[in-house]
Amino acid sequence: MRIDIADITPDRVAALRASAPQVFGGTVASRLASQAVWAGLIVLAVYCLVRFDFSPVRLWNGLGQLGAIIRHMFPPQSGGAFMEFAGAILQTLGMAFLGTLFAALFAIPLAFLGSKNILRFSPGRFLVRRGMDFLRGVDQLIWALIFVRAVGLGPLAGILAIIVSDTGTLAKLFSESIENVDRKPVEGVRANGGDPVQTIRYGFIPQVLPMFLSSTLYMFESNVRSATILGIVGAGGIGYHLAERIRSHRWEEACLILIMILVTVGVIDFVSKRLRQRLIGKATH
Amino acid sequence: MSEHTLKPGSLPAEVLARFDRLRAERRRTTVIGLAIFALCFAAAAWVGEFSLSRIAEGAPRIHEYIVKILPELRVSQFGEDMAYWFYGLPQWLALLWETVLMAYLATLLGTLGAVLGCFFAAHNLTPNGPAYFVARRSLEVARTIPDLVYALIFVFAFGLGPLAGILAIAIHSMGASGKLFAEAAENIDMKPVEGLRAAGANWVQTMRYAVVPQVLPNFASYTLWRFELNVRTAAVLGFVGAGGIGQELITAIRMLYYEDVSALVLLIVLTVTCIDLLCEKVRHHFIGKENLA
């Protein structure tokens, strides 16, 4: 469609404005309301800056200190504990692996119970879902602290923390994939006389398994990152060494640990991304 | 496609052979995968000091601890028991408010940084190669180092308190959102960008009038999600002395004020849930507007 510039007369614009006012932007009231919201957000931000003492002097002094810390960090040194750090990194990976694995195993039945197309009984589904929300609502680090109190210092507390907090997350992700399955293969198996077990085995599993594995790998990546800090509260892994080096101002060793964490996370992300692409690729062909 | 009539037992031999070969291949992959998996499991259990006996040993203690932190609530005097359980409510609510404000300011600062960074870190928009490289790498480092580690370091540089926590969350958010923003910016329609360039706009004008209108709804949605995550993080930064409710929680856990632990955890979960619901409302509001336009 061609519009000639000459056709756009004030009369025509006025007619269009009368027939379709929403195209010309909000009404005065809605614009005022959105401006009021923005003003409120800015006032709140200024209030926060004042309340939390973001004074230029304090920031300047802090940045000076930070500069000194960073200068101390280079060159990174092991202080003779390189093997100890490497062992702790492996322990971190082990914690993330076991935590994710068990969380996935617990999440599978819960996910089926929390899916609309499996469990029609809605109060039961509601209970399962709210329970999962609670597990996810409490941060992993809080679970870690609680488990450190309950089972003592060490990686077991960290593994348990990962299991508890991630069962909720994975169950949610899994039940989303279950609810998104294509009904046709399921009905096909049923129409050919498949019993319920066969329906799940040949109707659901081939569709959801790659999605489950992919979500689990994704959570594993995320858990490797979060497992590095569980040690700060004593729940095993490299975080313990890092927190201890920072607290005792051995910056060059802390820096080495940070570099080791960056490299590990990078490698895990790369490998896991490759695996996930393969799994998803298999699912779509 | 040509039509085939397949009767059981009448498949051509080469089809059957191909099927057998594919199946054997598939099974081999599965067996190798399972073997690698078993090896990883054994190694993880070894380095993670994980065994059934330790679980069996720990389970009763976990149960015992949970029983201890749960309050005693009697129906006959429910009001008094609740008042006793939440005796610190006014102080806790003040700390929760501080936690939410910390998350708000940190999200704001982090998002500002991410918005600036993402235009350099999106390969279709970046002004030049070195800027792209520097922006990508800095965002990567900013998001890979956990917020708690930044908090530990900043507590030394800026002193104990919320300032260190806010800066820690802000830097981590900048890295995480910056990456997502850059990805969103890489997926935009390039025609408006070319149009503005052809009309002689400079880089800033191109970003403002061709890119920002396209990515704004995406950015707003990510930022709300980031705020939800940051509230969770702000609630635990107190563990290392960086402000918020976490300080109170770690004291309660360390000093064995059992019932305080459950009260604080409950309050944190309620706050996080309220923030999540609120953000969802706002997000739907944004999406609704998008569909209208």
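Only a predicted model underlies this, so the values are computations on that prediction, with no experimental measurement involved. Chain naming here is simple, since letters A, B, ... match the order of the sequence lines and numbering starts at 1 in each.
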Looking at every heavy atom in both [X] and [Y], which two are closest together, and how far apart are they?
X: A:F97; Y: B:F41; result: CE2-CA, 3.5 Å
X: B:L101; Y: A:C48; result: CD2-SG, 3.6 Å
X: A:G94; Y: B:V47; result: CA-CG2, 4.0 Å
X: B:Y104; Y: A:I42; result: OH-N, 4.4 Å
X: A:R225; Y: B:T144; result: NH1-CA, 4.0 Å
X: B:A44; Y: A:L98; result: O-CD1, 3.7 Å

Below 4.5 Å from any heavy atom of chain B, which atoms of [X] appear? Answer side chain, backbone, both or neither.
X: A:L145; result: both
X: A:F52; result: both
X: A:A68; result: neither

Taking side chain as C-beta onward, heavy atoms only, is [X] less than 4.5 Å from [Y]?
X: B:F50; Y: A:L160; answer: no
X: B:L108; Y: A:L41; answer: no
X: B:L249; Y: A:I142; answer: yes
X: A:R247; Y: B:L152; answer: yes
X: A:F54; Y: B:L167; answer: yes
X: A:L66; Y: B:F156; answer: no
X: A:D133; Y: B:D276; answer: no

Of the backbone (N, CA, C, O) and the side chain (C-beta and beyond), which part of [X] lies under 4.5 Å from a heavy atom of chain A, both, or neither?
X: B:I66; value: neither
X: B:E57; value: neither
X: B:I62; value: both
X: B:L270; value: neither

Among [options], who wins on heavy-atom pairs under 4.5 Å with chain B?
options: A:I229, A:T92, A:V148; value: A:I229
options: A:L242, A:I261, A:I146, A:T228; value: A:I146
options: A:L262, A:L93, A:V265; value: A:L262
options: A:M95, A:R51, A:R136; value: A:R51

If I take atom [atom1] from residue [X] and atom [atom2] from residue [Y], how far apart are they, to the nearest 0.5 angstrom?
X: A:R149; Y: B:K68; atom1: CZ; atom2: NZ; result: 10.0 Å
X: A:L141; Y: B:R232; atom1: CG; atom2: CZ; result: 13.5 Å
X: B:I153; Y: A:C255; atom1: CD1; atom2: SG; result: 9.0 Å
X: A:D139; Y: B:T233; atom1: CG; atom2: OG1; result: 6.5 Å

Original post:
Are A:V151 and B:Y65 close enough, and set up right, to give a side chain to side chain contact (heavy atoms under 4.5 Å, CB included), and what steps lead you there?
Top reply: CA-CA 9 Å; A:V151 301; B:Y65 188 77; over 6 Å; no
Original post:
Do you know which of B:E64, B:E140, B:E98 has the most heavy-atom pairs under 4.5 Å to chain A?
Top reply: B:E98
Original post:
Looking at B:V272, B:I166, B:V265, which has the largest count of heavy-atom pairs under 4.5 Å with chain A?
Top reply: B:I166
Original post:
Within residues 58-65 of chain A, which positions have a heavy-atom distance to chain B below 4.5 Å?
Top reply: A:R58, A:L59, A:G62, A:L63, A:Q65
**OP:** Using a heavy-atom cutoff of under 4.5 Å, enumerate the residues of residues 230-239 of chain A that contact chain B, numbered in order, or state 'none'.
**Re:** A:I232, A:V233
**OP:** Answer yes or no: are there more than 12 heavy-atom neighbours, outside B:L52 itself, under 6.0 Å from its atom CG?
**Re:** no
Subject >> Flag if over 12 foreign heavy atoms under 6.0 Å of CZ, A:R274 >> reply: no
Subject >> Derivation of the side chain to side chain contact (heavy atoms under 4.5 Å, CB included) call for B:I268 and A:V138 >> reply: CA-CA 7 Å; B:I268 292 175; A:V138 182; over 6 Å; no
